Amino acid sequence: MMIASWNVNSIRARTDAVLAWLDRTQCDVLCMQETKVVDGEFPRDEFVRRGYELAISGQATYNGVAIASRHPLEDVRAGFLGDPDASEKRILSARVRGSRIVTVYVPNGKNIESEAFRYKLGWLERLRMNLTQYLHDKELLLCGDFNIAREERDVFDVEKMRGQLHFHPDEHRALAHLLDFGLQDSLRKFHPEAGLYTWWDYRAGSFRRNRGLRIDYIFLNDALAERCTEAGIDKAERSGPKPSDHTPVYIRLKD
DNA sequence: ATGACTGACGATGTCAGA
């Protein structure tokens, strides 16, 4: 079973690219972020025609998350506990073949002096508290765009990034606290090397020069990590026509 | 180089992204 996460940067702008990617990979479950569209205008039919079920939690212009799955989606939950109708649509989860899959679009944070940065840290703390609702799920996957590069090997220029947005000690603490729930970074189980990124700025030839950040992750609890046979970043997708600035990350699980 | 590019909204610019 293949499970992927992709910040598509507008599902309407990326419909053809996403569908072509699904046709090529036959991915079982694709979690999407930054769909940027209200639920009624999500290109639902194109997914359904390919045999995917959809769970969507969208809004106009900003944010929006969705899960497309070739297996039934059960117990779909949008938003934080007790706040399902939050104005910002950033979290969505469902159970697929017995595993709880949670996908998030963590706030960007704007800059480290801003109110938006404090909001980002608070949002991560709320996410941590919300994970307790999945204590009964034996298999837990948390994926998405976290807008944080975890380690020095995850950024293109350590000295430039140190203490900056996406690589700030407060962000690192918040993410570490999240992983303390019992989650591990699937990619690093297989690929320890530096220079593996999931996002590249559209400007200044960043992709061509591989000046990027690893900010998209698939985190697994021990039960799922044990089943995980492969993890990767589909870097080629970033060089396609009209790409998102993020490229898909994925794992494979044995049955 | 506090730049660059892309998308939404809805307009010939502004905001946000990361």
Side-chain angles (χ1 to χ4, degrees), chain A residues 5-19 21 31-43 56-66 86-91 103-124 127 143-172 174-175 178 195-217 233 235 237-249:
Chain A
S5 176
W6 191 2
N7 179 324
V8 297
N9 187 14
S10 170
I11 188 58
R12 285 179 294 180
R14 220 68 60 203
T15 303
D16 291 348
V18 171
L19 295 173
W21 189 84
C31 299
M32 291 166 271
Q33 304 86 35
E34 277 207 277
T35 52
K36 295 186 178 179
V37 69
V38 293
D39 294 357
E41 291 175 36
F42 194 100
I56 52 183
S57 181
Q59 66 184 89
T61 312
Y62 306 114
N63 311 316
V65 282
S87 59
E88 298 194 348
K89 306 299 189 185
R90 296 180 177 275
I91 175 166
T103 192
V104 295
Y105 173 49
V106 175
N108 172 296
K110 208 180 290 272
N111 68 69
I112 61 170
E113 314 292 340
S114 67
E115 180 58 36
F117 187 69
R118 288 185 287 280
Y119 177 77
K120 178 181 195 174
L121 297 174
W123 196 93
L124 286 162
L127 174 59
C143 71
D145 175 1
F146 289 77
N147 272 315
I148 302 169
R150 294 189 62 210
E151 302 174 294
E152 294 189 358
R153 58 184 166 166
D154 298 320
V155 304
F156 68 92
D157 186 334
V158 175
E159 293 318 312
K160 177 188 159 82
M161 289 300 299
R162 200 182 298 287
Q164 298 302 307
L165 187 70
H166 304 119
F167 199 63
H168 188 280
D170 292 346
E171 293 172 312
H172 290 148
L175 190 50
L178 196 60
L196 302 177
Y197 308 130
T198 65
W199 169 89
W200 298 261
D201 200 304
Y202 282 121
R203 300 168 292 185
S206 298
F207 180 68
R208 180 175 46 79
R209 298 192 285 161
N210 198 32
R211 292 170 65 86
L213 301 172
R214 191 169 76 99
I215 54 179
D216 300 85
Y217 302 94
I233 300 170
K235 189 176 177 183
E237 189 61 32
R238 182 61 175 78
S239 57
K242 247 173 72 80
S244 167
D245 43 357
H246 298 251
T247 211
V249 297

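Each chain gets a letter, A, B and so on, in the order its sequence line appears, and its residues count up from 1. Given the structure is predicted, the values throughout are model-derived calculations rather than measurements.
With sequence neighbours left out, the side-chain contact (heavy atoms from CB on, under 4.5 Å) criterion links A:Glu159 to A:Asp157, A:Arg162. Remark: A:His166 pairs with no residue by the ring-ring contact (aromatic ring centres under 6.0 Å, His included) rule, at least two apart or across chains. Not counting sequence neighbours, A:Asn108 has no partner by the side chain to side chain donor-acceptor pair (under 3.5 Å) test.
Between B:dA11 and B:dA1, the distance separating the two C1' atoms is 30 Å to the nearest Å. When the P atom is used for both B:dG3 and B:dC9, the distance is 25 Å, rounded to whole Å. Taking atom P in both B:dA8 and B:dT2, the straight-line distance is 29 Å, to the nearest Å.
Judged by the 6.0 Å distance and 45° axis criteria, A:Lys120 is not positioned over the aromatic ring of A:Phe146.
Listed nucleotides B:dC9, B:dA18, B:dG7 differ in distance to A:His166; the shortest reach to its side chain belongs to B:dA18. Among the nucleotides B:dG7, B:dA18, B:dC9, the one closest to any side-chain atom of A:Ala60 is B:dC9.
Checked by atom type, the side-chain pair A:Trp199/A:Asp145 shows no donor-acceptor distance below 3.5 Å.
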Using a cut-off of under 3.5 Å, enumerate the N/O to N/O pairs linking the protein to nucleotides 14-16 of chain B.
none

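Within residues 199-211 of chain A, the residues approached by DNA chain B to less than 4.0 Å at the level of any non-hydrogen atom are A:Trp199, A:Tyr202, A:Arg203, A:Ala204, in residue-number order.
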Pair pattern of DNA chain B in dot-bracket, where unpaired bases get dots and | marks partners in another strand, Watson-Crick or G-U under 3.5 angstrom: ....(((((...))))).

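With hydrogens and angles left out, the side chain of A:Asn108 and the base of B:dA18 share a donor-acceptor pair within 3.5 Å.
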